[in-house]
Novice: 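Pasting a structure below so you can have a look.
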Amino acid sequence: MDYQFKDIEAKWQQFWFKNQTYRVENNTSKPKYYVLDMFPYPSGAGLHVGHPLGYIASDIFSRYKRLKGFNVLHPMGYDSFGLPAEQYAIQTGQHPAITTETNIKRYREQLDNLGFSFDWSREVRTSDPNYYKWTQWIFMQLFNSWYNLEKDKAESIDTLIAKFEKSGSKGVQAVCDEDCTIFTADEWKQKSKEEQQKELLKYRLTYLRESTVNWCPALGTVLANDEVKEGFSERGGYPVEQKKMMQWSMRITAYADRLLRGLEEIDWPEPLKEMQRHWIGKSVGAMVSFSLAPGFPKGGGTEPNDDLAGARLEVFTTRVDTLFGVSFLVLAPEHEFVSSLTTSEQKEEIANYIAQTQKKSELDRMSDIKTVSGAFTGSYAKHPITGTDIPIWIADYVLVGYGTGAVMAVPSGDQRDWLFAKHFNLPIIPILDVQKELDIQADPTKEGKYINSGLINGLSYKEAVRLLIDELEDRGMGKAKVNYRLRDAIFGRQRYWGEPVPVYFKDGLPYLVDEKELPLLLPEVDKYLPTESGEPPLGRAENWNYHDQFEYELSTMPGWAGSSWYWYRYMDAQNSQEFAGKEAIAYWQDVDLYIGGSEHATGHLLYSRFWNKFLKDAGYVKEEEPFKKLINQGMIQGRSNFVYRLVNEEGKSTNTFVSAGLRNQYKTIALHVDVNIVENDVLDIHQFKSSRAEFADADFIFEGGKYVCGVEVEKMSKSKFNVINPDDIVARYGADTLRLYEMFLGPLEQSKPWNTNGIEGVFKFLRKFWKLFHDDAFNFFVSDQEPSKAEYKALHKIIRKVEEDIERFSFNTSVSSFMICVNELTDLKCNKRKVLQDLVIVLSAYAPHITEELWMLLGNEAGTLSYAKYPKFDEAYLIENEFAYPISVNGKMKMNLTISLGLDASEVEQLVLANGDVQKYLDGQSPKKVIFVKGKIVNLVI
RNA sequence: GCCUAGGUGGUGGAACUGGUAGACACGCAGGACUUAAAAUCCUGUUCGCCUUAAAGCGAGUGCGGGUUCGAUUCCCGCCCUAGGUACCA
């Protein structure tokens with residue numbers, strides 16, 4: 001029989017399912033290997049041809065590792081809490097659980113179609129109560145922990161309480177809110193229970209506090225920083241504003257440095273590591289204090305200002321060495337000191353300026369970086385060393401959110417400060433002898449010796465920094481300080497379809513529910529909208545109280561909660577006692593290979609590392625980093641097709657369509673056309689006419705008798721009519737062809753537009769492969785004769801090649817090599833069992849169905865192929881005793897000459913020079929030099 | 001602006017540590033089989049020049065330099081594309 005992919009694929013998919021071929025045990029006798037895909041959100045649109053790219057690669061890798069004798073964990077599940085199902089619920093009233101269930105079913109069908117070797121017995125769904133029970137449990141562990149800086153790890157909150165009881169808060173080195181107070185042990189004991197809880201909340205790793213949050217009115221919820229892109233929500237693209245709110249947060253900043261250091265040890269793509277480094281944004285510098293008292297406001301101020309008596313203006317700088325170049329201070333307009341610092345003379349100006357900046361949107365403020373603006377408060381601060389008066393300004397180039405919201409301006413070293421100084425005519429003080437062209441721009445050099453700089457005059461950068469920090473510390477006016485851009489992650493969402501936060505309120509303070517009462521189930525509500533009083537949808541749940549008396553937290557957890565630990569659940573998915581058993585974790589440890597998109601760089605991948613580190617501190621897991629190696633598969637873009645509709649003189653659309661090549665001769669508008677009725681950019685007129693009623697009597701202006709469509713590469717999406725469904729490809733060519741083709745398309749990491757054109761080549765290859773095992777009448781026919789040297793050579797080349805390629809994730813080159821191998825064996829008319837059986841094993845990782853069928857036809861037990869042994873490569877079959885040397889003259893290849901590899905340099909030289917054709921190229925000259933690299937090249941230099 | 005990755009035929013791409021540039025495939029052209037089509041098979045296909053042909057000559061991996069017997073690969077400068085990021089003090 002000819003290659004009947006439909007029958008073969010259906011048969012084996014059923015076989016694998018029935019026999020649970022890919023079910024994996026936590027078996028300690030074999031070495032483990034954990035291959036993980038980023039689990040999908042099951043959207044209503046289903047999978048398009050781009051989604052499986054990474055899954056195919058990870059499946060090939062998993063199958064390969066199995067053949068290599070590893071016990072491979074290769075699971076799949078669903079990140080099934082999320083906005084789209086909830087938005088749909090708001091529109092239709094259908095419970096998000098039902099939508100989600102339907103979508104998951106569809107996803108499963110599509111995934112099953114592709115022959116993946118997932119162990120579905122370990123499937124997880126983040127919206128399943130048996131799963132989110134543990135998400136809530138981890139939340140509780142975080143709530144019950146604080147970060148001890150002395151040990152650089154998280155600890156139980158009990159150890160903090162013990163410290164407070166023993167010696168108060170003095171000397172406690174913790175990551176905490178800025179408003180932590182200093183108290184003694186006695187003072188602690190005198191505090192009421194509530195006061196103690198309030199204080200502890202400032203230390204807990206998940207905490208509730210009033211903070212400025214990203215509020216998205218259209219979605220009715222707060223968003224984490226990584227969910228906001230350029231002032232708009234990542235999902236939906238709605239505007240986001242800043243708002244002060246009581247909110248749950250995760251103290252991820254406690255882990256900032258460990259998150260940064262950990263990047264050194266993991267094998268991740270460099271761009272992704274860079275993104276995380278930048279997101280964490282460590283900068284090493286110093287805090288410097290500028291005192292305001294005594295005698296301010298100065299410079300004409302009339303009223304003495306007591307609000308800030310004795311207060312200091314704190315400034316963060318990465319260049320303390322430039323301290324003597326400070327000629328003014330700049331505060332963010334929102335800085336809390338601004339109103340107190342403003343003198344009556346300056347009041348109007350400052351008020352105007354603040355009003356002006358408030359009018360500007362976030363976007364305007366970012367895009368308009370050319371215009372220099374600011375206003376003088378009228379007040380002065382004292383330079384911490386010289387004591388000189390420094391004017392205090394406000395300007396919107398200083399951001400409240402970073403550092404202290406105030407900067408010391410050094411116009412000679414910083415371009416923004418320089419522009420500001422020029423604009424407002426403030427002094428520009430040179431501080432290094434090598435600074436040049438200060439009348440044109442700032443010079444941020446660290447070279448040279450200091451001038452105009454008091455105690456550091458004549459010193460170099462490094463010496464100056466050390467001396468200055470010592471001096472500032474002595475005076476109590478500053479200290480070395482590391483600053484991070486990373487903010488604590490907002491953890492609550494005012495939404496329905498998420499994990500309930502296992503917290504209730506008593507006297508306004510949050511308390512955890514009893515662990516035994518987990519999971520705290522998501523209650524039923526009549527509508528999925530906020531309540532009339534503006535509370536989140538959970539506020540609609542009736543009689544939803546803790547022990548019938550205390551109010552539950554009404555926010556739910558964000559999307560990233562469930563995905564921040566799911567890889568552990570796969571290790572022991574059915575465990576009802578723990579999130580995963582100790583033994584299971586000890587065996588599987590961490591993810592060896594993680595494949596997924598780079599869009600999760602600063603979200604999921606950062607949060608997961610954070611939770612993992614916390615779980616390690618708490619003693620539940622072994623590894624500091626969860627994902628040893630990570631690969632980003634490229635995005636498969638859509639290839640959109642267009643038709644061009646003629647526009648008449650009145651500017652109205654007609655029903656005539658112009659072929660792409662002629663469109664410049666007419667006035668047209670472009671319309672997306674469904675790519676499924678276009679082949680090689682030629683429109684199927686018949687299908688086009690029947691696609692929509694309005695096109696039924698369309699006219700066409702053809703070129704060369706055809707209607708040619710325009711082409712553009714865009715994101716694959718329904719609205720652009722460029723979605724290719726993998727099901728359609730599978731129906732036409734089979735899953736094995738699709739798998740091979742997606743790999744053949746190019747390097748895994750590269751983004752590329754989908755183009756079905758080349759798929760025929762891969763399909764042909766599989767038919768050719770099938771033919772090797774069959775005679776001309778398509779009867780299965782394999783010979784038991786000993787293979788020839790050439791046949792063995794072809795086999796062992798592919799054994800080695802595929803091994804090398806898979807180990808370096810170069811799947812596209814393997815596919816080429818398979819083609820070469822099958823072409824060679826076809827030319828050799830090879831049908832020897834000894835060659836073909838091994839070839840079946842090697843190919844099985846890529847094309848599991850066809851190889852499973854042939855494996856059985858070869859007389860092996862059905863279904864055992866997945867656990868067969870990868871054939872051993874034997875160099876002996878590849879050893880040659882001759883080589884066709886390229887003979888080049890001055891580095892230009894001229895001809896080939898076959899020479900024995902046994903000869904040494906001088907013998908080869910003699911042979912080459914004696915050759916008549918070589919003499920022709922030498923043109924009678926004798927070469928100045930002969931370069932000979934054994935097995936590579938002979939180069940004659942003349 | 002900064003960071004990161006990349007730039008190779010008509011197209012997707014290959015060339016792993018410097019050693020025959022364009023493997024493999026698509027497309028295209030020509031041919032075989034066929035009444036015809038599909039399928040299959042064969043031949044050619046970087047560009048330019050020259051030639052009846054065989055063959056030959058020259059150029060060529062974004063651009064300009066350099067190192068080297070030899071550079072797609074290493075170094076310097078520039079241009080372009082994609083992704084990220086931004087008054088971050």
Side-chain angles (χ1 to χ4, degrees), chain A residues 2 229-230 269-279 281-283 285 288 315-319 322 329-330 332 365-372 395-399 401-410 413-417 419-420 483-485 598-599 601-602 632 634-635 680 741 744-747 749-762 764-765 767-768 771 801 804-805 807-808 810 812-823 884-896 927-942:
Chain A
D2 199 353
K229 299 267 160 359
E230 291 173 357
E270 200 47 44
L272 207 134
K273 287 196 193 183
E274 269 307 303
M275 273 190 242
Q276 290 208 349
R277 278 191 201 109
H278 189 265
W279 190 258
K282 180 178 184 174
S283 47
V288 182
V315 150
F316 175 74
T317 175
T318 53
R319 291 289 304 270
T322 63
L329 298 178
V330 189
R365 225 166 124 165
M366 283 195 296
S367 54
D368 181 25
I369 51 172
K370 292 277 175 311
T371 331
V372 179
D396 62 4
Y397 79 84
V398 177
L399 310 171
Y402 186 75
T404 61
V407 301
M408 57 180 228
V410 182
D414 183 287
Q415 185 60 21
R416 287 161 319 192
D417 297 346
L419 284 169
F420 197 86
N483 209 25
Y484 295 94
R485 200 179 83 103
S598 59
E599 67 273 19
T602 51
N632 291 130
M635 226 209 350
N680 286 324
Y741 184 57
F744 188 59
L745 231 39
E749 287 99 324
Q750 222 165 80
S751 287
K752 51 230 154 191
W754 177 264
N755 189 345
T756 315
N757 279 343
I759 201 166
E760 293 284 348
V762 173
K764 264 190 235 165
F765 153 74
R767 294 163 63 132
K768 221 168 164 183
K771 267 233 80 189
K801 178 74 171 144
E804 284 172 357
D805 283 353
E807 301 279 357
R808 66 192 170 100
S810 175
N812 56 328
T813 50
S814 299
V815 180
S816 304
S817 305
F818 280 127
M819 289 172 173
I820 294 170
C821 178
V822 167
N823 288 346
Y885 278 96
I887 310 297
S888 58
V889 177
N890 289 339
K892 280 271 166 207
M893 212 290 261
K894 295 294 179 190
M895 58 179 285
N896 282 102
K928 274 189 231 138
K929 204 168 162 189
V930 179
I931 308 282
F932 169 68
V933 183
K934 197 175 209 158
K936 291 261 158 116
I937 202 165
V938 178
N939 187 18
L940 308 172
V941 186
I942 52 174

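Excluded from the calculations below are hydrogen atoms, water molecules and symmetry mates; all remaining heavy atoms, backbone and side chain alike, are included. Lettering of chains follows the sequences in order, A, B, ..., and the numbering in each one begins at 1.
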Novice: Once you round it to whole Å, what is the distance between P of B:rA39 and NZ of A:Lys768?
Specialist: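 Checked: the NZ to P distance equals 16 Å.
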Novice: Atom CG of A:Leu329 and atom P of B:rA89: how far apart are they, to the nearest Å?
Specialist: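 Roughly 17 Å, once rounded to whole Å.
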Novice: Protein within reach of the bases, or only the backbone? For nucleotides 17-22 of chain B, mark each nucleotide 5' to 3' as B, S or -, using heavy atoms under 4.0 Å.
Specialist: --BBS-
Novice: Could you measure between the two P atoms, the one in B:rA29 and the one in B:rU35, and give it in whole Å?
Specialist: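 24 Å, rounded to whole Å.
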Novice: Determine the contact category for A:Asn483: base if any of its heavy atoms lies under 4.0 Å from a base atom, sugar-phosphate if only primed atoms, P, OP1 or OP2 are that close, otherwise nothing.
Specialist: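 Since no nucleic acid heavy atom lies under 4.0 Å of A:Asn483, the category is nothing.
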Novice: Rounded off to whole Å, could you give me the NZ-to-P distance for the A:Lys764 and B:rU40 pair?
Specialist: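 Between P of B:rU40 and NZ of A:Lys764: 6 Å.
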Novice: Let me know, please, whether A:Trp279 or A:Thr404 comes out on the 5' side of the other along RNA chain B by nearest nucleotide.
Specialist: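 It is A:Trp279 whose nearest nucleotide is closer to the 5' end.
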Novice: Using a 4.0 Å heavy-atom cut-off, write out nucleotides 4-16 of chain B from 5' to 3' as B (base contacted by protein), S (sugar-phosphate only) or - (no contact).
Specialist: S-------BSSSB
Novice: Go through the structure and list residues passing side chain to side chain donor-acceptor pair (under 3.5 Å) with A:Glu599, not counting sequence neighbours.
Specialist: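 Per chain and number, A:Glu599 pairs via side chain to side chain donor-acceptor pair (under 3.5 Å) with no residue.
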Novice: With rounding to the closest Å, how many angstrom separate the P atoms on B:rC3 and B:rG62?
Specialist: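 Roughly 22 Å separates the two P atoms.
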Novice: If the threshold is 4.0 Å, N to carboxylate O, is there a salt bridge linking A:Lys801 and A:Glu804?
Specialist: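 Result for this pair is no, no salt bridge flagged.
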Novice: Distance check, P atoms only: B:rA82 and B:rU72, in whole angstrom units.
Specialist: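 So the two P atoms sit 27 Å from each other.
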